[in-house]
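Here is the naming used below: chain letters follow the sequence lines, and residue numbers restart at 1 for every chain. These figures come from a predicted structure and were not determined experimentally.
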2 protein chains.
Amino acid sequence: MIIRTPNDLGALIRDRRIKLGLDQISLAKRAGTSRKWLVEVEHGKPRAAIGLILRTLRALDVSLKVNDGSKSRGIEHFSPSVDIDEHLDRLRKKP
Amino acid sequence: MIIRTPNDLGALIRDRRIKLGLDQISLAKRAGTSRKWLVEVEHGKPRAAIGLILRTLRALDVSLKVNDGSKSRGIEHFSPSVDIDEHLDRLRKKP
DNA sequence: TAGCGATGTCACCGATCGATTACTTGCGAA
DNA sequence: TTCGCAAGTAATCGATCGGTGACATCGCTA
């Protein structure tokens with residue numbers, strides 16, 4: 001499962017919670033947070049704190065890893081032109 | 001690379017940024033955020049907003065995926081006792 | 001060593017957070 | 001259909017956020 005948006009993450013947390021047979025109160029307690037926060041995060045709250053999210057994932061015995069697929073190779077091809085454009089912009093700003 | 005803490009994430013963002021030859025201003029601009037925020041996130045800011053973090057990762061052409069290794073299998077073994085303990089606690093609270 | 005670009009830090013501001021408590025609504029089993 | 005549990009939502013509060021602009025410090029190259 002790829003995580004690209006807060007909604008993806010919320011769905012993951014809910015899915016895992018249900019699979020473990022936990023209710024929101026139990027997971028919130030394990031994660032050291034509030035049920036209210038968990039409700040919001042499960043619905044994709046974009047401004048939820050990363051530290052609490054990672055703690056919640058740990059409470060679900062889940063961690064995340066970097067998804068380095070074909071996209072990563074794509075970066076290598078595009079990298080030179082990206083650098084040049086960025087630095088030309090920066091130079092133009094300098095009088 | 002496994003992401004378990006805000007520091008892990010901050011290190012990933014910095015590492016990728018440098019590999020792409022970007023400075024903080026350029027990446028902040030691409031991610032639609034401020035340089036200040038990026039500085040803090042790169043240093044492991046635990047209360048940074050998940051939505052901004054995921055956007056920043058996208059600007060680096062990185063996504064995250066769920067790390068389902070031996071830990072995942074471990075959950076299956078421990079799951080029954082965990083459920084029982086949680087629900088016994090909940091029952092004891094009910095008069 | 002000097003200079004310059006990059007990174008680190010500060011002050012300020014309106015917006016939002018996360019926790020607590022309580023009430024409302026939804027869902028599934030009997 | 002009814003009931004009970006779980007999930008959804010609201011009010012309140014002190015803490016912190018993220019952005020802007022400016023200054024301080026660091027690191028690297030000539």
Side-chain angles (χ1 to χ4, degrees), chain A residues 5-7 9-60 79 82-95, chain B residues 5-7 9-60 79 82-95:
Chain A
T5 67
N7 277 311
L9 213 28
L12 168 67
I13 287 169
R14 172 165 285 209
D15 185 55
R16 290 305 169 97
R17 174 173 66 79
I18 288 165
K19 276 191 176 136
L20 286 180
L22 297 172
D23 59 24
Q24 287 173 340
I25 293 172
S26 301
L27 177 58
K29 183 179 163 188
R30 283 182 181 210
T33 186
S34 69
R35 187 179 70 84
K36 182 193 176 213
W37 180 85
L38 191 55
V39 169
E40 291 178 347
V41 163
E42 284 187 356
H43 285 93
K45 185 181 174 66
R47 287 183 67 161
I50 184 62
L52 283 188
I53 282 175
L54 293 174
R55 250 176 40 209
T56 302
L57 290 177
R58 173 157 253 155
L60 293 167
S79 180
V82 170
D83 284 348
I84 289 163
D85 289 341
E86 288 290 340
H87 290 289
L88 284 174
D89 277 349
R90 306 276 331 275
L91 287 168
R92 282 180 202 126
K93 280 177 188 170
K94 291 275 185 175
Chain B
T5 68
N7 277 311
L9 211 30
L12 168 67
I13 287 169
R14 173 165 286 211
D15 185 55
R16 288 309 167 94
R17 174 173 67 78
I18 288 165
K19 276 191 178 138
L20 284 182
L22 297 172
D23 59 24
Q24 287 174 340
I25 293 172
S26 302
L27 177 57
K29 184 179 163 190
R30 283 182 180 212
T33 185
S34 69
R35 187 180 70 83
K36 181 195 174 210
W37 180 85
L38 191 54
V39 169
E40 291 178 345
V41 163
E42 285 187 355
H43 285 93
K45 184 182 174 68
R47 287 184 66 163
I50 183 63
L52 283 188
I53 282 175
L54 292 174
R55 251 177 38 209
T56 302
L57 289 177
R58 172 157 253 153
L60 293 166
S79 181
V82 170
D83 285 348
I84 289 162
D85 288 339
E86 288 291 338
H87 290 289
L88 284 174
D89 276 347
R90 306 262 349 264
L91 287 169
R92 284 181 201 124
K93 282 177 189 170
K94 292 274 185 176

Once you round to the nearest 0.5 Å, how far does [atom1] of [X] lie from [atom2] of [Y]?
X       : Y       : atom1 : atom2 : answer
B:Lys45 : B:Leu38 : NZ    : CG    : 12.0 Å
A:Arg47 : B:Leu52 : CZ    : CG    : 7.5 Å
B:Ile18 : B:Glu42 : CD1   : CD    : 7.0 Å

With DNA chain C as reference, determine whether B:Val39 or A:Ala49 sits nearer its 5' end, using the nearest nucleotide of each.
-> B:Val39

Upstream residue (5' side of DNA chain D) when B:Thr33 and A:Arg17 are each assigned their closest nucleotide | A:Arg17

Sugar-phosphate, base or nothing in reach of A:Gly51, heavy atoms under 4.0 Å = nothing

So do the side chains of [X] and [Y] get within less than 4.5 Å of each other, counting heavy atoms only?
X       : Y       : result
A:Arg16 : A:Leu12 : yes
B:Leu27 : B:Ile13 : yes
B:Leu9  : B:Ile53 : yes

Which listed nucleotide ([options]) is nearest to the side chain of [X]?
X       : options                : answer
B:Gln24 : D:dG19, C:dT7, D:dA7   : C:dT7
B:Arg14 : C:dT7, C:dA19, D:dG18  : C:dT7
A:Lys36 : C:dA19, C:dC17, C:dG8  : C:dA19
B:Ser34 : D:dT16, C:dA19, D:dT20 : D:dT20
A:Asp23 : C:dG8, D:dG19, D:dA6   : D:dA6

Specify the separation, in whole Å, of atom [atom1] of [X] and atom [atom2] of [N].
X       : N      : atom1 : atom2 : result
A:Leu38 : D:dT9  : CG    : P     : 14 Å
B:Leu27 : D:dG19 : CG    : P     : 12 Å
A:Glu40 : C:dT16 : CD    : C1'   : 11 Å
A:Ile25 : D:dA7  : CD1   : C1'   : 9 Å
B:Ile50 : C:dG18 : CD1   : P     : 11 Å
A:Asp15 : D:dA7  : CG    : P     : 14 Å
A:Lys29 : C:dG18 : NZ    : P     : 22 Å
A:Arg47 : D:dG18 : CZ    : P     : 6 Å

Contact summary for B:Gly51 and A:Pro6, nearest pair of heavy atoms |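 Smallest interatomic distance, heavy atoms only, reads CA-CG, 3.8 Å.
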
Can you check whether any acceptor in the base of D:dG18 is under 3.5 Å from a donor in the side chain of B:Arg35, or vice versa?
-> no

Taking OP1 and OP2 of C:dC17, is either one under 4.0 Å from a side-chain nitrogen or oxygen of A:Lys45?
->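 It does, given that an N or O in the side chain of A:Lys45 lies less than 4.0 Å from OP1 or OP2 of C:dC17.
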
Backbone N/O of A:Gln24 and side chain of A:Arg35: donor-acceptor pair under 3.5 Å =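 No: the side chain of A:Arg35 does not pair with the backbone of A:Gln24.
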
Go along nucleotides 24-30 of chain D 5' to 3' and tag each nucleotide: B for a protein heavy atom under 4.0 Å from its base, S when only backbone or sugar atoms are that close, - otherwise.
-> -------

